[in-house]
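Throughout, a chain's letter reflects where its sequence line sits, starting with A, and its residues are numbered from 1.
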Amino acid sequence: MLKRIKLVPMLFLLPTLLFLGVFVYIPIVQNFFNSFFDFSVFSQTKEFIGFRYFKELFEDKILMTSFANNIKYAVISVIFQVFFALILATILEDKLFRRIAPTLRVIYFIPVMISISVIALLFSFIYNPQMGLLNSFLELIGLESLAKPWLGNATTAIYAVIAMSQWQSVGFITMLFIVAIQKIPKDLYEAADIDGAGRIRMFFNITVPQVKETMFVNVLITVTGSMLVFNEPYILTNGGPGISSMTLSVHMYQLGFIKDNMGYASAVATLIFVVTAIFALIQIKVSGTGKDE
Amino acid sequence: MTLLNTKEDVLKSSPVARYQKIRSKIDLRSKISKNIFLLGLLFFAFIVLYPLYWMFISSFKSYDEIYNNVWSLPSVWHFENYITAWSQGISSYFFNSLFVTILTILLVVLIGSMAAYSLSRYKTKWINVALIFIIGGLMMNPQVALIPLFEILTWMNLINTHWALILTYVAYRLPLSIILIRAFFLSIPKELEESAIIDGCSEFGIYYRIYLPLSIPILITTVVLTAYFAWNEFLFSTVFIDSSALKTIPSGLMGFRDALRTDWGVLLAGMVIASIPMIILLILLQKYLVRGLSEGSVKG
């Protein structure tokens with residue numbers, strides 16, 4: 001009897017532990033070891049080269065551009081997604097818009113649900129220099145001087161990619177804020193209303209302090225996402241023109257699967273891991289994931 | 001009547017009239033600001049919807065019309081764009097995605113709920129270690145594991161099969177799913193299982209007859225989140241699948257674009273077909289999706 005009780009929980013956990021072990025943990029460890037070796041997809045052997053690739057990281061111009069782009073991504077995403085999304089969620093949750101808010105919530109969330117490859121292909125039409133919606137629109141309102149090949153221009157490419165990401169993701173963070181705002185006790189607002197506080201004061205003195213934790217988690221989600229971003233630049237520009245819209249993940253992918261320099265790609269992946277693991281640790285700590293409640 | 005009365009006017013009038021005047025001034029002000037905010041909300045909705053509307057409308061156009069009449073409705077509605085898109089590859093990507101998504105969902109729900117059951121019902125040192133192991137899985141991201149996974153899957157002979165996607169998707173979806181399901185399992189009253197044990201129910205019976213049926217809502221949440229992930233995943237499906245016949249929609253569309261070159265109407269039709277299942281899922285099951293996203297607070 002005792003034995004059976006002990007066996008069941010382990011049996012039930014076994015498949016999960018196997019999946020996580022084989023496809024999540026072993027690869028992460030293996031990636032770390034791979035960065036000390038020189039190898040290609042086709043080679044059977046791996047040549048040990050020690051820390052050479054880690055030293056190269058510091059002299060890699062593409063890596064520096066990529067990292068700078070990831071940081072641009074993070075800063076713009078935090079401003080736009082976290083702050084704009086909080087304001088959007090506050091307005092949506094105001095009783096003035098009770099009737100229309102549910103419809104708007106679904107509308108804002110639609111881009112989140114659509115595959116990034118569809119979104120990126122759609123935006124390659126929008127940014128198209130000849131027939132693209134953006135340039136045609138600028139022409140329509142008499143600003144054709146501002147029209148440019150958004151993705152083909154080294155200064156604008158990364159911002160065009162970032163802008164598309166904001167368009168797609170703002171609904172996601174807004175939804176997280178809406179859930180948080182709905183949890184705020186209504187009597188806080190009623191009391192403030194009786195005291196004669198306006199909406200702006202209520203926003204700063206009630207809403208913001210009450211959703212502080214969600215805000216912090218959203219900042220972390222956004223920053224981590226920005227450090228990992230791959231699909232958007234890969235599909236829209238493939239890091240180009242030149243290396244102007246490279247990100248760490250695109251750089252890693254190209255090193256590994258285009259230039260077949262697996263060892264160095266692993267070193268870049270290790271760098272990505274270290275950067276994101278720090279944010280993930282803070283996130284788990286703050287959100288109290290796994291806490292018994 | 002002007003709105004801004006002079007000070008004397010206001011002072012001369014009766015208290016009730018004064019009150020009404022102030023009241024109507026406040027009402028008017030809040031009405032104006034309400035309309036400004038409403039306009040802002042609608043404008044943002046327009047920015048979100050217009051590109052999607054454009055994609056839908058343009059999918060019925062010919063190449064010349066997409067190129068030359070960007071804003072107009074199609075002069076001739078080319079419904080055949082959809083037939084061409086479907087028969088030239090989208091159908092195969094669609095069914096590949098369907099297969100991969102359904103198997104991923106089944107495995108995640110089955111394996112995840114079993115693990116969550118153990119984690120919520122037993123308390124030993126090893127259970128805690130397992131829990132930390134699983135939560136740690138949340139920190140790991142697919143990009144970092146990409147190259148070793150490619151090696152492991154090559155070694156397992158799974159590159160260029162749907163299993164390369166299914167197994168890795170399951171592994172990366174399990175941590176979040178387990179955490180969500182476990183939180184729900186913990187809220188199931190212990191009295192239920194105690195009476196079940198008295199009635200002679202086995203361990204497996206408690207899981208299968210009590211926990212699973214009571215947890216349908218969180219299981220639906222898990223299904224929706226997993227579907228959303230597996231249907232849209234791009235990186236693994238690009239790297240692990242080479243053969244066009246096996247590609248799922250996200251990676252398939254890229255090949256579709258390269259093969260079509262100027263058949264933009266057909267490409268747009270393919271994009272619309274690719275988006276429809278998820279939009280339907282969102283409209284039908286949004287409350288489950290939102291709960292999962294907010295409780296998990298992890299970007300998909």
**Q** Give, as side chain, backbone, both or neither, the part of A:Thr276 having an atom under 4.5 angstrom from any heavy atom of chain B.
**A** side chain
**Q** Please look at B:Ser58 and chain A and tell me whether the side chain, the backbone, both or neither of the residue comes under 4.5 angstrom of a heavy atom of that chain.
**A** neither
**Q** Let's test your reading of the structure: which of A:Ile272, A:Ile28, A:Asn128 forms the most heavy-atom pairs below 4.5 Å with chain B?
**A** A:Ile28
**Q** Which heavy atom of B:Ala171 sits nearest to which heavy atom of A:Phe23, and what is that distance?
**A** CB-CB, 3.5 Å
**Q** Please work out which of the three classes, parallel, tilted or perpendicular, describes the rings of B:Phe44 and A:Phe84, given edges at 30° and 60°.
**A** perpendicular
**Q** Which heavy atom in B:Ile152 sits nearest to a heavy atom in A:Val22, and how many Å separate them?
**A** CD1-O, 3.8 Å
**Q** Could you look at A:Val112 and say if it's the side chain, the backbone, both or neither that has a heavy atom under 4.5 Å from chain B?
**A** both
**Q** For the interface with chain A, which of B:Trp126, B:Phe150, B:Trp71, B:Phe204 has the highest count of heavy-atom pairs at distances below 4.5 Å?
**A** B:Trp71
**Q** Does the ring center of B:Phe37 lie less than 6.0 Å from the ring center of A:Phe97?
**A** no
**Q** Does the side chain of B:Ile127 come within less than 4.5 Å of A:Leu13's, by heavy atoms?
**A** yes
**Q** Who among A:Phe109, A:Phe273, A:Phe125 has the most heavy-atom pairs with chain B under 4.5 Å?
**A** A:Phe125
**Q** Heavy-atom cut-off 4.5 Å, strictly under: side chain, backbone, both or neither for A:Val179 against chain B?
**A** side chain
**Q** Looking at B:Tyr50, I want to see if its OH is surrounded by more than 12 non-hydrogen atoms of other residues, nucleotides or ligands under 6.0 Å.
**A** yes
**Q** Determine the option with the most heavy-atom pairs under 4.5 angstrom with chain A, choosing from B:Thr168, B:Ile249, B:Leu268.
**A** B:Leu268
**Q** Pick from A:Leu271, A:Leu17, A:Ile91, A:Leu122: which one has the most heavy-atom pairs with chain B under 4.5 Å?
**A** A:Leu122
**Q** Give a yes or no on whether B:Leu39 atom CG has more than 12 heavy-atom contacts from other residues, nucleotides or ligands under 6.0 Å away.
**A** yes
**Q** Compare all side-chain heavy atoms of B:Met278 with those of A:Val118 and state whether any distance is below 4.5 angstrom.
**A** no
**Q** Side chain from CB out, backbone as N, CA, C, O: work out which of these in A:Phe177 comes under 4.5 Å of a heavy atom of chain B, or both, or neither.
**A** neither
**Q** Please flag which part of B:Leu167 lies under 4.5 Å from any non-hydrogen atom of chain A: side chain, backbone, both or neither.
**A** both
**Q** Is any side-chain heavy atom of A:Leu96 closer than 4.5 Å to a side-chain heavy atom of B:Leu38?
**A** no
**Q** Any side-chain heavy atom of B:Leu146 sitting closer than 4.5 Å to one from A:Phe230?
**A** no
**Q** Can you confirm whether A:Phe37 is buried at CZ, in the sense that more than 12 heavy atoms of other residues, nucleotides or ligands lie under 6.0 Å from that atom?
**A** yes
**Q** Between A:Val24 and B:Leu174, is any pair of side-chain heavy atoms under 4.5 Å apart?
**A** no
**Q** Do side-chain atoms of B:Tyr117 reach the backbone of A:Pro9 as a donor and acceptor pair under 3.5 angstrom?
**A** no
**Q** Of the non-hydrogen atoms in B:Ile147 and A:Phe257, which two are nearest, and what is the gap between them?
**A** CG1-CE1, 4.0 Å
**Q** Heavy atoms only: give me the nearest B:Leu49-A:Ile110 pair and the separation to one decimal.
**A** CD2-CD1, 4.4 Å
**Q** Using a 4.5 angstrom heavy-atom cutoff, name the option from B:Gly136, B:Gly137, B:Pro51, B:Ala116 with the most pairs to chain A.
**A** B:Pro51
**Q** Can you tell which part of A:Val29 gets under 4.5 Å to a heavy atom of chain B, answering side chain, backbone, both or neither?
**A** neither
**Q** Check the angle between the aromatic planes of B:Tyr207 and A:Phe12 and answer parallel, tilted or perpendicular using the 30° and 60° thresholds.
**A** perpendicular
**Q** Quick one: which of B:Leu253, B:Leu41, B:Ile111, B:Ile279 has the most heavy-atom pairs under 4.5 Å with chain A, could you say?
**A** B:Leu41
**Q** At a heavy-atom separation under 4.5 Å, does A:Asn34 approach chain B through its side chain, its backbone, both, or neither?
**A** side chain
**Q** Can any side-chain N or O of A:Tyr253 pair as donor or acceptor with the backbone N or O of B:Gln143 at less than 3.5 Å?
**A** no
**Q** Among B:Ser113, B:Ala45, B:Ser118, which residue forms the greatest number of heavy-atom pairs with chain A at distances under 4.5 Å?
**A** B:Ser118
**Q** I'd like to know which of A:Gly21, A:Ala269, A:Pro27, A:Gly256 tops the heavy-atom pair count under 4.5 Å against chain B.
**A** A:Pro27
**Q** With chain B, which of A:Leu140, A:Ile26, A:Leu228, A:Ile116 has the greatest number of heavy-atom pairs at distances under 4.5 Å?
**A** A:Leu228
**Q** Ignoring hydrogens and angles, tell me if any N or O in the side chain of B:Trp54 forms a donor-acceptor pair with the backbone of A:Ile126 under 3.5 Å.
**A** no
**Q** What residue, out of B:Met139, B:Glu233, B:Gln286, has the most heavy-atom pairs lying under 4.5 Å from chain A?
**A** B:Met139
**Q** If we define contacts as heavy-atom pairs under 4.5 Å, which of A:Gly171, A:Ser136, A:Ser249 has the most with chain B?
**A** A:Ser136
**Q** Pair B:Asn141, A:Thr224 - check side chain to side chain contact (heavy atoms under 4.5 Å, CB included), show working.
**A** CA-CA 10 Å; B:Asn141 55 69; A:Thr224 316; 5.9 Å; no
**Q** Has B:Asn232 got a side-chain atom pairing as donor or acceptor with A:Met113's backbone, closer than 3.5 angstrom?
**A** yes
**Q** List the atom of A:Tyr25, the atom of B:Ile132, and the distance in Å for their closest heavy-atom pair.
**A** OH-O, 4.5 Å
**Q** So do B:Met254 and A:Ile235 actually touch side chain to side chain, heavy atoms under 4.5 Å?
**A** yes
**Q** A:Tyr234 versus chain B, heavy atoms under 4.5 Å apart: side chain, backbone, both or neither?
**A** side chain
